Amino acid sequence: MLLTTIEDVGRYQGQQVTIRGWLYNLRESGKLLFPIFRDGTGLIQGVVSQKEHPAVFETVRELTQESSVVVTGIVRADARAPGGYELALTGIEVIQRVPENDPFPIQRKEHGVDFLLSHRHLWLRTPRQTAILRIRAEAIRAARNFMDSQGYILTDSPIFTPAACEGTTTLFEVDYFEDEKAYLTQSGQLYVEATAAALGKVYCFGPTFRAEKSKTRRHLTEFWMLEPEAAFARLDDMMELGEQLVSHIVQSVLAHRRRELDTLKRDTARLEAVRPPFPRITYDEAIAILQKHGNPTRWGEDFGGDEETILSSQFDRPVIIHRYPAAIKAFYMQPDPQRPELALGFDMLAPEGYGEIIGGGERISDYDLLLRRLRENNLPEEAFRWYLDLRRYGSVPHAGFGLGLERTVAWICGTEHIREVIPFPRMLYRIYP
RNA sequence: UCCCCGGUAGCUCAAUGGUAGAGCAUUCGGCUGUUAACCGAAGGGUUGCAGGUUCGAGUCCUGCCCGGGGAGCCA
C-alpha cells in the first residue's frame, strides 16, 4: 500500500496509491460515479464504474458529503478531471459515514455570514478557507524567518498585564490576581522595550485583545501582532524594517502560495508591486493630499477610514505616513526635536482600503519626560514603575512597531472581511464556536 | 454608545394587506465522462419574540431579542 497525499499524487502516475480524507462531492452519471475527495492538501476526482468494481461502486454511491474514507486507486492524468489527475478507484474503506438525515451543513454554494460564522468549525474545511489558512501560515513563517534573519531575538510578552499599554483603549479585565486588577494585553510593546535593553534587537509575536465596541470588517477583539523593538534604532530604521518585513511577507506568499492565491482569485499583479522602497509622506503632506481631494480633515485631527482610503489609493504599494501631531499619538512617543509638537511615529497603510497594518516609532528615552507624559495621561505610576526603570538604568534611544497580522493577511488574500483570515475569529457579539 | 440595514423551509432568497413559493440540500427514479452535472418525483413552515390596528398581517404600528455594515477607537 503506497500511502500519499493529494498534492503529491502526480508523482505516482500509473501506480496504485492510498489516500485518507473526506468526500467533498459526489457526481453521478448512470453507471459511473465521480466522487471528489479532499485531504487538506488538495482535491482529487475519483472515478468508478459499476461494471468494473460493483462493490466499490455501491459503497461510494451511498457516501454522503464529508464522510471520512480511505480510498485506493490507480493514478492517471486526465484533462477532464479537476486538478489534472484522477484516481480510478479499486478499493474504499469508510471510516465514518455522515448520516443522510443530518447532512453536512455547508453546501457548495453561497451562504450568509451569520450561518458561516456559527459553523466556523465546519466552514474551515472548504477550499477557500483552507487556502486562506495556508496563506496565513506562510505569512507567519515568512515574518518570523525575516525577523530571525535580521538578528532579532524572539522574546514573547505576557498576556496578563497589570495596566494598559496605551491607557486609552478598553481592556478585558481578569479577576484572579489578589489585591490587583489584571488585564489581557492590548500590545506587547512595553515588555519588548525591556527585552530590547537586554538583547538589543527583539520581537514578540502573539495574540492581543481589545475590548472596543468595534463592529467593522477591519476589527477583531482578539488578533495577532508582531512587534519588533530595537535599542539604538531611530524612526528611519523602523520605517525601513517595516517596509522590508512587509515586502518579504508578500513576496514569500507569492513564491510559495501561488495556488492558494489562485483559489482566492486574487489579482497578484497588485502584490508583485510590493517591493521597497515604499512611498513615505509626512502627516503635513497627508493633510495636503486630503485637502486636495476635498476632504475636510484639518491639521491636528486623526485619520479615519475615509481618509485612509484616499491616502492609500494614491500609491501602488503600502504608504508610510510619519510625524503625526503628538497630541493624537500614544504617551510614550518621542517628540521630534525639530518640531516638538510632532511625534516621531509612523503608520503604514495597506493598499486597496485595508487600513493601517503597522503603527510604531521612537519611544521616549528620557525619564523626566516620560514621567510627565504618564501624569498628563492620568496613568497609574505604580503599574509603570518598571517601565520607568528602563529610563533610569542605561536608557538609550529605541524604536519599534506593531504589525497587525490579520489585516496584513486579509489584504494579501483580498478578503472582504478580516474574520476569514483567523481560524476562530472573536468579535463583538461572537464567541462561538 | 450612536446611525443605517436585515430576520420567511436545513441553506440562499421570493411573496400589491387576501390560499406561504422557488432553487439548492435530503429521499426515490433515470442517464457510461460528470465539472456547484443534468432530467423527473416526494417529504419539508409557530414567517425572530410579545403586543396592537384590521373582516383579514409574512406585509402596517409599538416594544424587545438576535445578526450585519458603518461612526468613534484602533492593528
Side-chain angles (χ1 to χ4, degrees), chain A residues 24-36 43 45-52 57 62 64-66 78-83 86 88 98-119 122-123 126-127 165-171 186-189 207-227 242 246 301-309 328-330 347-350 354-360 401-411 416-419 421-422 427-430 432:
Chain A
Y24 174 68
N25 191 15
L26 177 61
R27 286 191 291 262
E28 200 175 340
S29 180
K31 302 293 180 270
L32 277 183
L33 295 176
F34 299 96
I36 296 181
L43 295 173
Q45 172 170 291
V47 60
V48 58
S49 80
Q50 188 178 39
K51 203 165 76 181
E52 291 169 39
F57 182 92
E62 300 277 300
T64 43
Q65 190 189 352
E66 286 301 313
D78 192 317
R80 293 170 295 187
E86 191 171 73
V98 176
E100 56 275 314
N101 60 6
D102 185 19
F104 189 70
I106 316 289
Q107 301 175 29
R108 292 171 299 280
K109 62 169 222 172
E110 298 287 325
H111 290 281
V113 165
D114 182 48
F115 178 80
L116 289 172
L117 285 175
S118 296
H119 294 81
L122 304 176
W123 183 25
T126 60
C165 294
E166 310 194 3
T168 53
T169 26
T170 324
L171 294 165
Q186 59 184 335
S187 164
Q189 180 208 315
T208 53
F209 308 87
R210 304 278 167 96
E212 296 156 356
K213 301 290 185 192
S214 294
K215 275 179 64 145
T216 85
R217 68 187 74 187
R218 296 191 306 277
H219 287 88
L220 294 168
T221 56
E222 178 182 325
F223 67 96
W224 284 63
M225 194 151 61
L226 188 152
E227 296 175 276
V246 169
E301 293 176 337
D302 207 352
F303 303 141
D306 290 347
E307 290 74 34
E308 289 182 356
T309 301
I328 57 172
K329 285 292 171 186
D347 286 349
M348 185 188 293
L349 304 182
Y354 282 89
E356 189 183 331
I357 54 174
I358 281 182
F401 63 80
L403 171 93
L405 177 73
E406 284 77 13
R407 284 189 183 174
T408 304
V409 175
W411 158 53
E416 169 92 6
H417 198 297
I418 195 172
R419 72 187 134 213
V421 307
I422 186 168
M427 304 182 300
L428 191 60
Y429 307 135
R430 202 171 270 285
Y432 179 92

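In this text the structure is predicted, and so the values were computed from the model without any measurement. Protein chains get the first letters and strands the later ones, always in sequence-line order, with residue 1 at the start of each.
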Task: 5′-ward residue of the pair Leu405(A)/Glu100(A) relative to RNA chain B - done: Glu100(A)
TODO: Starting from C1' on G68(B), measure out to OH on Tyr429(A) and report it in whole angstrom.
DONE: 12 Å
Open item on the list: Between C1' on U1(B) and CD on Glu212(A), what's the gap in Å once rounded to a whole number?
Closed with: 13 Å
Open item on the list: Taking the nucleotide of RNA chain B with the nearest heavy atom to each, does Phe104(A) or Ala81(A) sit closer to the 5' end?
Closed with: Phe104(A)
Task: Residue-phosphate contact under 4.0 Å: Arg407(A) side-chain N/O, C74(B) OP1/OP2 - done: no
TODO: With heavy atoms under 4.0 Å as the rule, sort Leu33(A) into base, sugar-phosphate or nothing.
DONE: nothing
TODO: Please work out if Gly355(A) contacts a base, only the sugar-phosphate, or nothing of the nucleic acid, heavy-atom cut-off 4.0 Å.
DONE: nothing
Task: side-chain N/O Arg218(A) vs A71(B) OP1/OP2, d < 4.0 Å - done: yes
Open item on the list: Stacking between Phe34(A) and G33(B), defined as ring centres under 5.5 angstrom apart with planes under 30°, is that present or not?
Closed with: no
- [ ] Please confirm whether any donor atom in the side chain of Lys213(A) sits under 3.5 Å from an acceptor in the base of G72(B), or the reverse.
- [x] no
Open item on the list: With hydrogens left out and only the distance checked, is there a donor-acceptor pair under 3.5 Å joining Gln45(A)'s side chain and the base of U34(B)?
Closed with: yes
Open item on the list: Looking at His111(A) and C11(B), is any side-chain donor or acceptor paired with a base atom of the opposite kind under 3.5 Å?
Closed with: no
- [ ] Remember a base hit wins even if backbone is also touched, and classify His417(A) as base, sugar-phosphate or nothing at under 4.0 Å, heavy atoms.
- [x] sugar-phosphate
- [ ] Using modelled atom types only, decide if a donor and an acceptor are shared between the side chain of Glu66(A) and the backbone of Val98(A) within a distance under 3.5 Å.
- [x] no
TODO: Write down the distance between CD (Glu222(A)) and P (A75(B)), rounded to a whole number of angstrom.
DONE: 17 Å
TODO: List for me each residue that meets side chain to side chain contact (heavy atoms under 4.5 Å, CB included) alongside Gln107(A), sequence neighbours excluded, and say none if there are none.
DONE: Lys109(A), His111(A)
Task: Between C2(B) and U12(B) - P atom distance, rounded Å - done: 29 Å
- [ ] Whole angstrom is fine here: how far is it from CD in Glu110(A) over to P in G23(B)?
- [x] 19 Å
TODO: Could you tell me whether the phosphate oxygens of G33(B), OP1 or OP2, come under 4.0 Å of any side-chain nitrogen or oxygen in Arg27(A)?
DONE: no
Open item on the list: My understanding is that only residues two or more places apart in sequence, or in another chain, count here; which of them pass salt bridge (Lys or Arg N to Asp or Glu O under 4.0 Å) with Asp114(A)?
Closed with: Arg430(A)
Open item on the list: So if I take every side-chain heavy atom of Lys215(A) and compare against U32(B), C74(B), G70(B), which nucleotide ends up nearest?
Closed with: G70(B)
Open item on the list: Could you check whether the side chain of Ser214(A) and the base of C73(B) have a donor-acceptor pair of N or O atoms closer than 3.5 Å, going by distance alone?
Closed with: yes
TODO: May I ask you to verify if any side-chain N or O of Lys31(A) is less than 4.0 angstrom from the OP1 or OP2 atom of C31(B)?
DONE: yes
Task: Secondary-structure stems for RNA chain B, with pairs counted as Watson-Crick or G-U when both distances are under 3.5 Å and runs at least 3 long - done: B:1-7 with B:65-71, B:10-13 with B:21-24, B:26-30 with B:38-42, B:48-52 with B:60-64
TODO: In whole angstrom, give me the gap between the P atoms of C3(B) and C64(B).
DONE: 12 Å
TODO: Examine the side chains of Gln45(A) and Arg80(A) and answer whether a donor and an acceptor come within less than 3.5 Å of each other.
DONE: no
TODO: Provide, to the nearest angstrom, the distance between the CZ atom belonging to Phe115(A) and the C1' atom belonging to G68(B).
DONE: 16 Å
